[in-house]
*Asks:* 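Below: one structure in structure tokens.
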Amino acid sequence: MKVTVCIGSACHLKGSRTVVDKLKSLVAENNLSDKVGINGTFCLGKCVEGVCVTVDEVVHSVCADSVEDFFQSEIASKLS
Ligand code: FES
């Protein structure tokens, strides 16, 4: 599964750094490192919806507080 987090300036200001860090820890804690790749990407053109995170090309809007829910519903549950 390919997960990309927008690190363009608008999403950066909304906390994309935190989103990346939290996603990386969640992936590691759940032993999914060999199944999930997390990368950064430049502006996805949906700045108002940031922080933009794509999961297999589908764009989601995530914020620092919703990372865990997002991880459970869009990543973990789809791999089990
Ligand atoms: S900066 Fe993230 S969508 Fe534009």
Side-chain angles (χ1 to χ4, degrees):
M1 178 181 275
K2 207 173 96 191
V3 178
T4 43
V5 181
C6 176
I7 49 168
S9 48
C11 289
H12 179 76
L13 288 175
K14 291 182 185 174
S16 58
R17 180 80 237 169
T18 313
V19 171
V20 172
D21 288 347
K22 283 194 182 179
L23 278 177
K24 283 188 174 165
S25 343
L26 286 163
V27 166
E29 280 163 23
N30 289 274
N31 298 315
L32 294 173
S33 306
D34 54 341
K35 294 194 180 142
V36 182
I38 299 177
N39 293 292
T41 183
F42 292 110
C43 182
L44 293 166
K46 301 195 178 199
C47 307
V48 283
E49 294 170 31
V51 177
C52 292
V53 181
T54 67
V55 177
D56 290 339
E57 319 299 331
V58 181
V59 182
H60 300 270
S61 171
V62 182
C63 66
D65 292 338
S66 67
V67 180
E68 281 176 35
D69 288 344
F70 167 77
F71 174 80
Q72 292 304 340
S73 60
E74 301 299 332
I75 300 176
S77 67
K78 295 191 176 170
L79 290 171
S80 52

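Start at 1 and go down the list; that is how both ligands and their atoms are numbered.
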*Asks:* Are the side chains of Thr41 and Asn39 in touch, meaning some heavy atoms are under 4.5 Å apart?
*Replies:*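 Side-chain contact under 4.5 Å: no.
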*Asks:* Are any side-chain N or O atoms of Lys14 and backbone N or O atoms of Cys47, one a donor and one an acceptor, separated by less than 3.5 Å?
*Replies:* yes
*Asks:* Over all heavy atoms of both residues, which pair between Glu74 and Val55 is shortest? Give the atoms and the distance, please.
*Replies:* O-CG1, 4.0 Å
*Asks:* Determine whether the side chain, the backbone, both or neither of Ala10 has a heavy atom under 4.0 Å from any heavy atom of ligand 1.
*Replies:*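 Under 4.0 Å from ligand 1, Ala10 contributes backbone and side-chain atoms.
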*Asks:* Give the numbers and elements of all ligand 1 atoms closer than 4.0 Å to a heavy atom of Gly45.
*Replies:* 3 (S)
*Asks:* Atoms of ligand 1 less than 4.0 Å from Gly8 heavy atoms?
*Replies:*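 In order of numbering, the contacting atoms are 1 (S).
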*Asks:* For a distance under 2.8 Å, tell me if Cys47 has an N/O/S atom near atom 4 (Fe) of ligand 1.
*Replies:*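 Cys47 does place an N, O or S atom closer than 2.8 Å to atom 4 (Fe) of ligand 1.
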*Asks:* Can you tell me if Gly50 has a non-hydrogen atom under 4.0 Å from ligand 1?
*Replies:* no
*Asks:* To the nearest 0.5 Å, what is the distance between CD on Glu29 and CZ on Phe71?
*Replies:*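 Separation between the atoms: 8.0 Å.
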*Asks:* Can you list the ligand 1 atoms lying under 4.0 Å from a non-hydrogen atom of Cys6?
*Replies:*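 Selected atoms, number and element: 1 (S), 2 (Fe), 3 (S).
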*Asks:* Just checking His60: does its NE2 atom have more than 12 heavy atoms from other residues, nucleotides or ligands closer to it than 6.0 angstrom?
*Replies:*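 Yes, because the 6.0 Å sphere around NE2 of His60 holds more than 12 heavy atoms from other groups.
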*Asks:* What's the shortest heavy-atom distance between Cys63 and Val19, and which atoms?
*Replies:* C-CG2, 4.1 Å
*Asks:* Closer than 2.8 Å to atom 4 (Fe) of ligand 1: does that hold for any N, O or S atom in Cys43?
*Replies:* yes
*Asks:* When you measure from atom 2 (Fe) of ligand 1 to the N, O or S atoms of His12, does any of those distances fall below 2.8 Å?
*Replies:*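 Checking His12: none of its N, O or S atoms is under 2.8 Å.
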